Amino acid sequence: MCGIVAYIGTRDARPILIEGLKRLEYRGYDSAGLALIHDGELLVRRAVGRISALEERLEPALDRATIGMAHTRWATHGAPTERNAHPHRDASGKLALIHNGIIENYRVLKTYLENEGLQLESETDTEVLAKLVGHLYDGNLEDALRKALREVRGTFGIAVMHADEPGKIVAARRGSPLIVGVGQGEFVIASDAAAIVQHTPQVIYLEDNEVVTVSRDGFRTMTLDATPTTKKINEIELTLEQIELGGHQHFMSKEIFEQPEALRTAMRGRLDLEDGRIVLGGLTGVARELSHVKRIILTGCGTAWHAGLVGEYIIEELARIPCETEYASEFRYRNPILEQGTAVIAISQSGETADTLAAIREGRERGAMALGVVNAVGSTIARETDAGVYLHVGPEIGVASTKAFTGQVTLLTMLALMLGRRRHLSQSDTHNYIRALDSIPAAISRALLLSQQTREIAERYLDSPNWLYLGRGVQYPVALEGALKLKEISYIHAEGLPAAEMKHGPIALITDGMPVVMIAPRGAWYDKIVSNIEEVRARGGHVIAVATEGNDEIQRYAEHVLYVPDVPELLAPLLTVIPLQLLAYHAAVLRGCDVDKPRNLAKSVTVE
Ligand code: G6P
């Protein structure tokens with residue numbers, strides 16, 4: 001989704017801004033733009049498409065500016081055209097503004113501005129804001145921005161600068177992330193730490209409705225009504241190496257293959273193998289309350305929601321606490337019943353997904369305990385929840401989520417074990433699960449050896465326009481996740497279903513040679529799924545089975561078998577999902593798709 005980078009200092013701003021935009025590319029965008037102030041003049045260049053198209057428009061003369069801002073836009077209001085791209089200017093042409101988020105009352109503000117005699121050139125809500133700030137400008141940019149933002153309903157991460165005050169950038173946020181990198185005599189403001197980390201590890205996180213002004217001499221922060229605030233300088237943990245490709249062709253493949261190590265890190269210090277205990281430091285403050293929780297609601301979007309569905313099975317089974325998983329976008333508007341003793345747990349890689357954030361706010365508002373299972377350290381969800389656990393799987397850059405999914409399932413399993421042990425789970429059962437969890441990274445390494453076989457399968461069915469993914473029980477969400485992976489990066493239509501539901505409609509789709517992925521590891525549901533496999537075969541479908549190593553019998557029913565190591569049934573999703581990630585990855589590569597930046601998608605969806 002949209003990306004913001006702004007720079008003020010003593011170095012050339014242009015390369016810093018372009019490099020920053022490239023680091024944010026993974027979030028998804030459809031146009032880009034840049035503004036610089038040079039010799040008291042504001043210069044703006046914008047282009048549709050990739051950042052390279054913008055670079056072609058940057059003449060060498062632009063190289064001497066030491067203050068500027070840049071943006072990648074993911075269209076919400078108005079098509080991805082040059083006119084709609086950011087930065088937007090005010091009527092004087094001296095003020096430039098970039099914005100992430102949505103100004104909900106932009107129509108009212110637009111009418112007001114038009115009545116004041118101002119003309120708008122684009123269809124965007126952002127231009128309305130730029131014109132409004134310019135209209136209120138009276139020689140002090142900070143004041144003008146604060147006044148304007150007091151009139152705004154909606155969400156924003158904003159940076160603004162003015163040619164008459166060439167020594168400052170003013171930025172603000174509400175519901176959209178914005179981080180200020182604090183260097184030596186320079187500042188980099190960005191919507192994502194990935195654009196800051198090569199310049200400085202020192203950052204400040206803005207709160208909602210907080211405004212920051214940076215100049216070459218320092219920074220100050222205040223609220224929208226001008227009350228000064230104090231900020232702590234934090235160190236970001238992200239290293240440049242972590243966000244580079246490390247020899248892989250795509251971030252997605254890098255992230256698939258680093259899952260063993262990522263999960264080791266996620267579990268480090270949290271599995272006590274000797275005493276058979278789970279230690280989740282982030283929950284210590286709420287441990288007592290959590291022990292008495294009566295109901296758990298897991299909420300998230302996309303892949304995080306799938307991880308929640310897996311977690312629901314595991315929590316109910318191991319902790320015997322009623323648990324349900326809700327789409328965050330539905331939960332927030334549904335007038336949910338939250339009695340005392342309910343915990344709402346937000347699951348989010350980015351920690352910035354607008355719907356998930358709103359769901360957690362709704363939960364808190366109604367008195368529920370709000371917890372987070374989040375990857376991005378210092379993100380808004382992490383900061384707004386009562387307590388939580390970080391995934392610690394490292395930054396995920398590929399839009400299609402992979403290691404965050406396995407990280408989320410791992411953390412939810414640890415949570416289930418911790419809660420289960422406090423209720424009814426025996427010491428020895430807990431201990432066995434902990435040992436099994438500890439063995440998962442090595443088992444994933446074995447499952448990753450399926451890469452070549454999944455590539456061959458992808459090649460064989462590359463022209464099939466429809467795929468089905470079927471699973472039962474705890475493998476049903478894995479079917480959903482496998483189908484999502486395939487469709488989001490290779491644009492092949494795929495549907496995931498609980499296997500028994502197939503006969504209530506989708507079975508009509510099965511024709512000769514249609515690929516049907518059946519997730520069939522050893523366990524309680526195995527015999528049932530074999531019956532479903534027979535139903536598919538009887539109609540000419542080609543079964544690609546994901547099964548447990550040593551199960552030779554399944555070869556009788558399936559065209560292809562992808563074998564994963566044998567682990568306890570509840571932990572098997574951590575393995576069965578691996579060949580499905582690989583299958584989707586190879587299909588997308590073979591079809592020549594832009595794997596890390598699939599069309600129309602965004603990594604972090606900060607609008608509803
Ligand atoms: C977007 C991404 C998905 C992700 C979802 C939730 O749609 O493309 O990969 O699962 O958002 O994101 P979150 O950061 O909250 O996990």
Side-chain angles (χ1 to χ4, degrees), residues 1-3 24-29 74 76 100 175-177 191-194 250-252 255-256 298-311 325-332 344-361 371-385 388-391 393-412 477-478 480-491 496 577 580-581 584-585 588 593-608:
M1 200 135 279
C2 307
L24 302 183
E25 265 195 302
Y26 75 93
R27 297 166 63 99
Y29 68 104
W74 188 80
T76 56
N100 288 358
S176 195
S191 49
D192 187 317
H250 300 99
F251 281 108
M252 186 181 177
E255 288 155 9
I256 290 174
L298 301 170
T299 188
C301 305
T303 289
W305 180 73
H306 294 159
L309 288 175
V310 178
T325 308
E326 296 239 18
Y327 280 120
S329 54
E330 291 294 316
F331 177 77
R332 64 182 291 195
V344 178
I345 306 184
I347 307 169
S348 176
Q349 189 287 125
S350 62
E352 303 292 352
T353 302
D355 283 322
T356 312
L357 181 58
I360 211 80
R361 284 179 178 158
L371 303 177
V373 174
V374 170
N375 195 32
V377 176
S379 56
T380 311
I381 295 176
R383 286 181 291 128
E384 287 209 10
T385 36
V389 283
Y390 282 120
L391 302 184
V393 296
E396 191 179 67
I397 309 288
V399 165
S401 189
T402 52
K403 64 176 178 173
F405 175 81
T406 44
Q408 286 155 352
V409 171
T410 303
L411 260 301
L412 291 170
V478 178
L480 297 182
E481 176 61 6
L484 176 66
K485 287 292 85 88
L486 188 70
K487 69 185 137 196
E488 68 182 336
I489 56 170
S490 71
Y491 318 140
V577 76
L580 307 190
Q581 295 170 344
Y585 172 74
C593 298
D594 195 346
V595 176
D596 286 332
K597 296 186 277 295
R599 71 182 176 210
N600 305 338
L601 286 177
K603 180 68 183 160
S604 172
V605 181
T606 48
V607 295
E608 303 192 30

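What you are looking at is a predicted structure, and each value in this text was computed from that prediction instead of being measured. First listed ligand is number 1; within each ligand, the first listed atom is number 1.
Glu326 and Thr299 share no donor-acceptor pair across their side chains, judged by distance under 3.5 Å alone.
Residue Ile381 forms a side chain to side chain contact (heavy atoms under 4.5 Å, CB included) with just one option from Thr356, Leu371, Ile347, and that option is Thr356.
Across all their heavy atoms, Ser379 and Val374 have their closest contact at OG-CG1, 3.3 Å.
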Report all N/O contacts between ligand 1 and the protein shorter than 3.5 Å as a table of atom names and distances to 0.1 Å; if there are none, say 'none'.
from: ligand 1; atom 1: 8 (O); to: Ala602; atom 2: O; distance (Å): 2.9
from: ligand 1; atom 1: 9 (O); to: Val399; atom 2: O; distance (Å): 3.1
from: ligand 1; atom 1: 10 (O); to: Thr303; atom 2: N; distance (Å): 3.0
from: ligand 1; atom 1: 12 (O); to: Thr353; atom 2: OG1; distance (Å): 3.3
from: ligand 1; atom 1: 14 (O); to: Ser348; atom 2: OG; distance (Å): 3.4
from: ligand 1; atom 1: 14 (O); to: Gln349; atom 2: N; distance (Å): 3.4
from: ligand 1; atom 1: 14 (O); to: Ser350; atom 2: N; distance (Å): 2.7
from: ligand 1; atom 1: 14 (O); to: Ser350; atom 2: OG; distance (Å): 2.6
from: ligand 1; atom 1: 14 (O); to: Thr353; atom 2: OG1; distance (Å): 3.4
from: ligand 1; atom 1: 15 (O); to: Ser348; atom 2: OG; distance (Å): 2.6
from: ligand 1; atom 1: 15 (O); to: Thr353; atom 2: OG1; distance (Å): 2.5
from: ligand 1; atom 1: 16 (O); to: Gln349; atom 2: N; distance (Å): 2.6

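Between Glu396 and Lys403 there is no salt bridge, since no side-chain nitrogen of the basic residue lies less than 4.0 Å from a carboxylate oxygen of the acidic one.
No side-chain heavy atom of Tyr585 sits less than 4.5 Å from a side-chain heavy atom of Thr402.
Put simply, OG1 on Thr380 and CZ on Arg361 are 7.5 Å apart, with the number rounded to the nearest 0.5 Å.
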